Amino acid sequence: MRPQVYISDLSKHVGKSVTLKGWLYHRRSSGKVKFLILRDGTGYLQCVVFKGNVSTEVFENAEKLTQESSFEITGAVKLEPRAVGGYELDAVDVKIISISSEYPITPKEHGIEFLIDHRHLWVRSKKQVAVLKIRHRIVKAIRDFFDMRGFVLFDPPIITPNACEGTSTLFEFDYFDLGKAYLTQSGQLYAEAGALALGKVYTFGPTFRAEKSKTRRHLTEFWMVEPEMAFYDLDDNMDLAEEFLEYIVQTVLTEMRPELEILERDVTKLENIKRPFPRISYDEAVQILLESGIDFEWGNDLGGGDETIISDKFDRPVMVHRYPSQVKAFYMKRDPKNDKLALAVDVLAPEGYGEIIGGSQREDDLDKLLHRIKEHNLPQESFEWYLDLRRYGSVPHSGFGLGLERTVSWICGIEHLREAIPFPRMIYRNTP
RNA sequence: UCCGCGUUAGCUCAAUGGUAGAGCAUGCGGCUGUUAACCGCAGGGCUGUAGGUUCGAGUCCUACACGCGGAGCCA
């Protein structure tokens, strides 16, 4: 077999004869000349098959190729501004690997139901490939960011014996003789144990929510990254969060331009994402809502529409801090200046993409935490290990969680979370 | 759980209560520079399911199923 060259490496092979392998993305024919668009996962290449330049057999092979058939093609690479990608292959040989049956996803438009039913094939489409490559780059940026700052990856369990925060609905199942177990909704409590062992840690993995929620901002299975830092207060936490977001966005802007162009993303919106981000208190957020004519009662959580109104006031992510403690989880530390407030922060993405980060300083006082657990009617025995973290060398500590798919959606400018993960899991769909 | 909208060819959509149509895809033919190519021909339908109104229902009514969007909830 001749060595395979990838489309992304073609600049090194201009003027030379190479062999590429891939699938037929599209074909146009004009009698004695055929234009085959090859895709190989790294890009797209127009291959020209002239009847006069190849044997009858090769020309017939090119004729037989249907959309998504796999094949091998050999020819000389040349610069060609008229072709997609800027290069073109003057084919001398075409070998069929496998002829594709009638491919369901045609070049014309499709409805979302059809596409999601064919997700296993939809991921071959140009925009989906671009989104998934950006997702990959974001994941790498996340790991690089924390690794460069001395964080240690600390993997929490996915099977947990009880509800982490006592709020969300969880997926429940039988766990041998030990009774009910649950799929994790957050690795955060375990991350706190990690932070007290290793100083700075992060978790990164799938999490599960069983809420019967059906909106474009929801998945039942999604990925979350959760840093947790010993000796960080709320301000340190917010400093890290904004540095983190800036790094992710600027990395994608620098390294993923071609993909952002395929997605027709307005990059000027992303170029704004530079520190410092605006920081407003919950009280100030409520003021914005009241001034916008929203009938909002102090003490309620912000809804999706409220978040959009607030984020529309800014051209970069806005950090809303110090929420009423009644709408936040039991483990969040109270504001020493106002016991009704929790030292929490939510980061709202611009352009209506909503909450991408939720975080807080954690309650580090044993007695207060015990009190909170009773207040929330949580089973204390399940949290004894967590309370131990306050019994043995408790320190101020903070952390936050970033929803990966919401971040991918925002950066890619896509409408629905289901396009930000290869195989989305939603309330009425667990296939393919 | 609640509130809207939808379901017609493989796909995307048309069709005043009166013979079910187009584009794409597929097949055959034509074209030596195409960019979702183009031109000609052909095949392709229990109009989501079950009732009802009517001389006559894709169209009007009722129920159900499925889907999409939103609310609540959440990252």
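Bear in mind that the values here come from a model prediction, so they are computed numbers and not experimental data. Chain letters run A, B, ... following the sequence lines, proteins first and then strands; every chain starts at 1.
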Regarding [X], tell me which of base, sugar-phosphate or nothing describes its non-hydrogen contacts under 4.0 Å with the strands shown.
X        : result
A:Ser29  : base
A:His110 : sugar-phosphate
A:Gln46  : base
A:His416 : sugar-phosphate
A:Phe222 : base
A:Lys78  : base
A:Leu417 : base
A:Lys214 : base
A:Leu404 : nothing

What is the distance from [atom1] of [X] to [atom2] of [N], rounded to the nearest Å?
X        : N     : atom1 : atom2 : result
A:Leu65  : B:G27 : CG    : P     : 12 Å
A:Tyr428 : B:G70 : OH    : C1'   : 13 Å
A:Ile112 : B:U12 : CD1   : P     : 11 Å
A:Glu307 : B:A75 : CD    : P     : 10 Å
A:Ile116 : B:G67 : CD1   : P     : 12 Å
A:Asp306 : B:G70 : CG    : C1'   : 14 Å
A:Arg217 : B:C68 : CZ    : C1'   : 15 Å
A:Asn300 : B:A71 : CG    : P     : 16 Å

Heavy-atom donor-acceptor pair, [X] side-chain to [N] base, under 3.5 Å:
X        : N     : answer
A:Glu88  : B:G33 : yes
A:Arg429 : B:C68 : no
A:Thr106 : B:G10 : no

Please confirm whether the shortest side-chain N or O distance from [X] to OP1 or OP2 of [N] is below 4.0 Å.
X        : N     : answer
A:Lys212 : B:U1  : yes
A:Arg418 : B:G69 : yes
A:Arg28  : B:G33 : no

So which nucleotide does [N] pair with, by the Watson-Crick or G-U wobble rule with both distances under 3.5 Å?
N     : answer
B:U19 : none
B:U59 : none
B:C73 : none
B:C24 : B:G10
B:G33 : none
B:U54 : none
B:G4  : B:C68
B:G45 : none

Exercise for the section: With RNA chain B as reference, determine whether A:Ser213 or A:Gly52 sits nearer its 5' end, using the nearest nucleotide of each. Expected result: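 Looking at RNA chain B, the more 5' nearest nucleotide goes with A:Gly52.
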Fill in the blank from the handout: Between A:Asp301 and A:Thr66, whichever has its closest RNA chain B nucleotide further toward 5' is A:Thr66
[Y] backbone acceptor or donor facing [X] side chain under 3.5 Å:
X        : Y        : result
A:Gln250 : A:Ile273 : yes
A:Ser398 : A:Tyr232 : yes
A:Thr66  : A:Ser100 : yes
A:Thr220 : A:Arg425 : yes

Practice task
Please find out if less than 6.0 Å separates the ring center of A:Tyr182 from that of A:Phe171.
Solution key: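 Ring centroids of A:Tyr182 and A:Phe171 are no less than 6.0 Å from each other.
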Practice task
Quick one: sort the A:Phe204 and A:Trp223 rings into parallel, tilted or perpendicular, breaks at 30° and 60°.
Solution key: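 Rings of A:Phe204 and A:Trp223: perpendicular, over 60°.
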Minimum-distance nucleotide (side-chain atoms of [X] versus [options]):
X        : options             : answer
A:Thr215 : B:U26, B:A75, B:G70 : B:G70
A:Lys32  : B:G33, B:U32, B:A25 : B:U32
A:Ser30  : B:A75, B:U32, B:U26 : B:U32
A:Phe114 : B:C11, B:C74, B:G33 : B:C11
A:Glu113 : B:U1, B:G67, B:U12  : B:G67

Problem - A:Glu246 and A:Arg316 ion-paired at < 4.0 Å - result: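 No, A:Glu246 and A:Arg316 are not salt-bridged.
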Using the [atom1] atom as the point on both nucleotides, what is the distance between [M] and [N], in whole Å?
N     : M     : atom1 : answer
B:G52 : B:G17 : C1'   : 16 Å
B:U53 : B:A57 : P     : 11 Å
B:C13 : B:G56 : P     : 33 Å

Problem - Minimum side-chain heavy-atom gap A:Val225-A:Phe146 below 4.5 Å - result: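 In short, these two side chains touch, coming nearer than 4.5 Å.
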Practice task
May I ask you to test the A:Phe71-A:Leu38 pair for a side-chain heavy-atom distance under 4.5 Å?
Solution key: yes
